[in-house]
**Q** 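Could you have a look at this structure, given as structure tokens, before my questions?
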Amino acid sequence: MSADLAIDQPLPPLAGFDVEPPAATAADVADTVPEIRYSVTVDGLDKVELEGPFRALSALDKGDGKGANGAVIAARAREDEGLALRLLRSEGYYDGVVTSRVEPVRDQPGRAVATITASPGGRYALGTIDVVGPVTIPAGLARDALALRTGDPIVAAAIEAAEAAIALKLPQQGYPFVTVGDRDIVLDDATHIGDYTLPVDPGPRSSFGTYSTTGKLAFDADHVGVLARFRPGELYDERRVNDLREALVATGLFDSVAVQPNRTGRVAADGTEVVDLLVTQNAGKPRRLAATGGYSTGEGFRLDASWTHRNLFVPEGSLSFSGTAGTQQQAVSSTFRRANAGRRDKTVSLSLAASRQDFDAYTALTVGINGRISLDSTPIWQKKWTWAYGFEILGAREDTFQPARGTRAFQNYGIGGINGQLAFDSSDSLLNPTRGFRAMIRLSPETSQTEGSNYRYVRAQIDGSTYYPVSDSLVIAARLRAASIAGAPRDAIAPSRRLYSGGGGSVRGYGFQGLGPRDPDNDPIGGRSLVEGAIEARYRFGDFGIVPFFDVGQAYSSTQPKFTDLRYGAGIGGRFYTNFGPLRLDVATPIGRRAGDPKVAIYISIGQAF
């Protein structure tokens with residue numbers, strides 16, 4: 001055998017090879033397999049109303065009718081087989097059979113049909129229903145909470161919801177440590193009946209004990225007890241624990257807060273086990289800087305800013321400083337406020353303020369102090385009955401029209417008074433009511449000292465509003481207001497304490513304080529009584545709304561409204577609904593406009609007009 005000389009030669013260096021791939025030719029492109037397009041047919045699921053849920057989750061439908069090749073489409077079809085079978089069983093069709101096939105469309109290269117065929121079979125129903133475990137007081141709490149009945153179809157979602165209801169309701173009835181075990185359903189394929197058994201361990205029947213707190217504290221356990229709406233010894237109710245948790249969050253003092261029931265092993269006189277609550281606090285930053293701005297016809301532009309330390313005087317004793325800069329109002333004030341003062345939602349406040357107001361009705365320089373104690377509604381706990389009472393002491397220098405002289409002149413006033421109000425509210429929301437009604441009465445006896453004369457009078461006001469839902473999207477709202485000052489001549493009352501009508505919270509379309517008696521220069525001088533009313537049609541679509549409205553009102557020099565010379569305003573508003581309440585933009589015009597009345601008035605605020 002002769003030697004192969006080529007084999008004996010060394011290999012050429014790699015750099016001598018051409019490593020670039022050859023360019024694709026037209027023939028190569030022609031040989032590329034094209035993408036397959038397909039349609040999907042589903043048979044059988046529509047008979048049991050499952051085609052819609054199937055289509056929403058189908059891998060074939062999510063493929064948008066395109067697949068790289070037949071194997072990909074077949075894999076999607078097999079995945080949908082399992083999906084259809086799971087859906088059938090979730091609705092009680094345990095004998096269901098599902099098949100799939102993918103077939104090419106005759107005479108249409110690159111096209112296929114994927115078919116899912118389901119035979120649901122008979123539907124299984126619940127037979128005997130047995131909840132096993134320790135006996136509760138009263139007996140049968142777990143079974144009563146389990147909203148399942150013999151003969152109901154075995155629907156997975158319904159069964160899971162019913163079992164979740166046990167874990168929800170038993171803690172509301174004295175059993176905070178309930179444990180729901182694994183269900184057992186024995187199916188009989190001859191009768192299509194499934195016997196259901198669920199183990200439930202309710203744990204000890206419990207009552208409330210004491211509070212403790214840990215973490216980065218905003219306040220101590222004693223103040224937690226002020227916020228709680230239950231007392232030690234009462235039967236445990238998870239709803240009251242959730243209410244406490246919401247009240248803690250509402251203080252605004254926490255980055256996070258948790259309330260956890262803990263077993264103690266102590267047995268109360270009634271046989272319940274005492275459960276203590278552990279509140280884990282993570283206090284947030286107590287200081288807050290805020291600013292708001294706005295504009296309204298008659299009041300001009302206004303910017304408000306404030307700095308608040310929300311927990312300077314523990315617990316919940318805040319100190320704030322605020323200022324107002326506006327085209328017609330300037331003010332500074334300082335306020336001490338204690339929230340939840342010895343009772344939940346009871347508030348004590350004391351304020352010092354100095355202000356300057358420059359309106360068409362009057363110019364006033366005022367310094368004063370006022371205090372208030374109130375029981376208020378909150379978004380968490382909207383109360384039917386609320387009340388407030390307090391005092392006010394003011395020193396004011398105000399310009400006033402003096403009929404004897406026929407001109408305006410500044411006059412000094414010393415004013416002191418007490419005030420109180422009582423309100424009832426059956427509406428369903430503080431900021432966006434859709435049903436119910438509200439009523440409020442306010443009384444304020446005052447004394448006024450000016451130029452050696454002393455006058456005593458009583459300011460009184462009654463407000464009422466009602467809300468009627470015509471449909472889910474339309475609410476008719478209406479309000480009435482009447483007010484009176486009795487006991488002193490109008491001209492002896494400081495202009496800032498008189499009654500005025502007109503503006504965004506009054507009769508829209510007119511300027512702020514634009515209705516009522518006027519001086520010879522056509523400037524308002526205020527009155528001793530007023531009457532107002534309004535009606536709105538609040539139409540909502542999604543997060544937006546349109547509100548046509550009609551307002552009426554007038555202020556009078558007499559102590560009782562005369563119901564004469566009533567002025568009317570009409571307009572339309574827009575609403576943008578947020579999770580904290582609607583943003584409001586109202587545009588109105590006076591009807592029968594007089595000289596000096598605006599042609600159009602605009603109002604922007606948060607919340608409905610009333």
Side-chain angles (χ1 to χ4, degrees), residues 208-234 238-262 264 274-292 304-323 331-353 368-383 386-392 430 580:
F208 287 113
T210 61
Y211 316 96
S212 61
T213 190
T214 187
K216 184 180 178 183
L217 302 185
F219 44 72
D220 59 19
D222 289 341
H223 194 62
V224 173
V226 171
L227 298 176
R229 295 192 186 278
F230 50 85
R231 294 291 177 263
E234 294 183 7
E238 186 72 18
R239 291 169 295 188
R240 296 187 176 186
V241 177
N242 291 335
D243 176 75
L244 172 60
R245 185 180 298 108
E246 291 177 349
L248 289 164
V249 172
T251 64
L253 298 178
F254 301 103
D255 284 339
S256 63
V257 63
V259 183
Q260 178 67 40
N262 290 328
T264 65
V274 176
V275 171
D276 290 342
L277 296 180
L278 175 63
V279 178
T280 303
Q281 303 183 28
N282 181 21
K285 295 180 180 179
R287 297 170 184 83
R288 180 179 64 185
L289 185 64
T292 60
D304 296 288
S306 66
W307 177 92
T308 303
H309 192 304
R310 292 176 289 182
N311 205 30
L312 182 61
F313 307 99
V314 179
E316 295 195 75
S318 68
L319 181 64
S320 65
F321 298 92
S322 60
V332 291
S333 66
S334 176
T335 301
F336 165 79
R337 181 178 183 271
R338 187 176 295 282
N340 300 306
R343 176 182 176 182
R344 181 157 158 190
D345 298 333
K346 180 182 177 182
T347 302
V348 177
S349 64
L350 182 67
S351 296
L352 296 171
I369 180 172
N370 66 80
R372 188 173 189 263
I373 298 175
S374 61
L375 184 68
D376 301 316
S377 277
T378 68
I380 293 177
W381 192 264
Q382 185 175 344
K383 300 173 182 62
T386 58
W387 48 260
Y389 60 89
F391 73 93
E392 190 171 21
L430 288 177
F580 58 85

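Note that this is a predicted model, so its numbers are computed, not measured. For this chain, numbers begin at 1 and follow the sequence in order.
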**Q** Set out, in order, the CA-CA distance, both residues' side-chain angles and the distance that settles side chain to side chain contact (heavy atoms under 4.5 Å, CB included) for Thr386 and Asp376, then state yes or no.
**A** CA-CA 6 Å; Thr386 58; Asp376 301 316; 5.6 Å; no
**Q** Test your reading of the model: is there a side-chain donor-acceptor pair from Thr213 to the backbone of Val279, 3.5 Å cut-off?
**A** yes
**Q** Distance from Trp381 atom CH2 to Arg344 atom CZ, nearest 0.5 Å?
**A** 7.0 Å
**Q** Checking Arg337 now: which residues fulfil salt bridge (Lys or Arg N to Asp or Glu O under 4.0 Å) with it, not counting sequence neighbours?
**A** none
**Q** If we ignore hydrogens and angles and just use 3.5 Å, is the side chain of Ser256 paired with the main-chain N or O of Asn282 as donor and acceptor?
**A** no
**Q** Given the rule in the side chain to side chain contact (heavy atoms under 4.5 Å, CB included) test, do Val224 and Leu277 qualify, once you have shown the distances and angles that lead to the verdict?
**A** CA-CA 10 Å; Val224 173; Leu277 296 180; over 6 Å; no
**Q** Compare every heavy atom of Ala388 with every heavy atom of Arg372, then report the nearest pair and how far apart it is.
**A** NH2-CB, 3.2 Å
**Q** Do Val314 and Leu217 have side chains that get closer than 4.5 Å, going by heavy atoms?
**A** no
**Q** Drop me the distance from Lys383's NZ to Thr378's OG1, to the nearest 0.5 angstrom.
**A** 5.0 Å
**Q** For Ala218, does its backbone N or O pair with a side-chain atom of Asn311 as donor and acceptor, under 3.5 Å?
**A** yes
**Q** Would you indicate whether the side-chain heavy atoms of Leu248 and Gln281 approach each other to under 4.5 Å?
**A** no
**Q** So which atom in Val275 and which in Pro261 form the shortest heavy-atom distance, rounded to 0.1 Å?
**A** CG1-CB, 3.6 Å
**Q** Between OG of Ser318 and CG of Leu312, what distance do you get to the nearest 0.5 Å?
**A** 8.5 Å
**Q** Return the set of residues passing ring pair (Phe, Tyr, Trp, His ring centres under 6.0 Å) with Phe254 (not counting sequence neighbours), or none when no residue passes.
**A** Phe219
**Q** What residues form a ring pair (Phe, Tyr, Trp, His ring centres under 6.0 Å) with Phe313, not counting sequence neighbours?
**A** Phe336
**Q** Hey, are the side chains of Asp243 and Phe230 touching, using non-hydrogen atoms and a 4.5 Å cut-off?
**A** no
**Q** Please report the C-alpha distance between Leu350 and Phe391 in whole Å, then the side-chain angles of each, then the deciding distance to 0.1 Å, and finally whether the side chain to side chain contact (heavy atoms under 4.5 Å, CB included) criterion is met.
**A** CA-CA 10 Å; Leu350 182 67; Phe391 73 93; 4.0 Å; yes
**Q** Does a side chain donor of either Thr210 or Asp276 reach within less than 3.5 Å of an acceptor in the other side chain?
**A** yes
**Q** Using every non-hydrogen atom in the two residues, find where Thr308 and Ser320 come nearest and quote the distance to one decimal.
**A** OG1-CB, 3.3 Å
**Q** Strictly by modelled atom types, are Arg245 and Asn242 linked by a side-chain donor-acceptor pair under 3.5 Å?
**A** yes
**Q** Quick one: does Arg310's side chain have a donor or acceptor within less than 3.5 Å of a partner on Gly252's backbone?
**A** yes
**Q** For Ala221 and Ser212, work out which heavy atoms get closest and say how close.
**A** CB-CA, 4.2 Å
**Q** Glu238: what forms a side-chain hydrogen bond (donor to acceptor under 3.5 Å, both in side chains) with it, not counting sequence neighbours?
**A** Tyr236
**Q** Might you point out which heavy atoms bring Ala341 and Val348 nearest each other, and give the distance in Å?
**A** CB-CG2, 3.9 Å
**Q** Would you please classify the geometry between the His309 ring and the Trp307 ring as parallel, tilted or perpendicular, with 30° and 60° separating the classes?
**A** perpendicular
**Q** Determine whether His223 and Asp220 make a side-chain contact, defined as any pair of heavy atoms from C-beta on separated by less than 4.5 Å.
**A** yes
**Q** Quick check against the 3.5 Å criterion: does Asn340 have a side-chain atom that pairs as donor or acceptor with the backbone of Asp345?
**A** yes
**Q** Taking only residues two or more places apart in sequence, or in another chain, which ones meet Glu316 in a salt bridge (Lys or Arg N to Asp or Glu O under 4.0 Å)?
**A** none
**Q** Quick one: does Leu227's side chain get under 4.5 Å of Thr251's, heavy atoms only?
**A** yes
**Q** Ring pair (Phe, Tyr, Trp, His ring centres under 6.0 Å) with Phe321: which residues, sequence neighbours excluded?
**A** none
**Q** When rounded to the nearest 0.5 angstrom, what is the spacing between CZ in Arg287 and CG in Leu319?
**A** 11.5 Å
**Q** What closest approach, in Å, do Gly225 and Tyr211 show between heavy atoms, and which atom pair accounts for it?
**A** CA-CE1, 3.6 Å
**Q** Between Thr335 and Ser351, is any side-chain donor less than 3.5 angstrom from a side-chain acceptor?
**A** yes
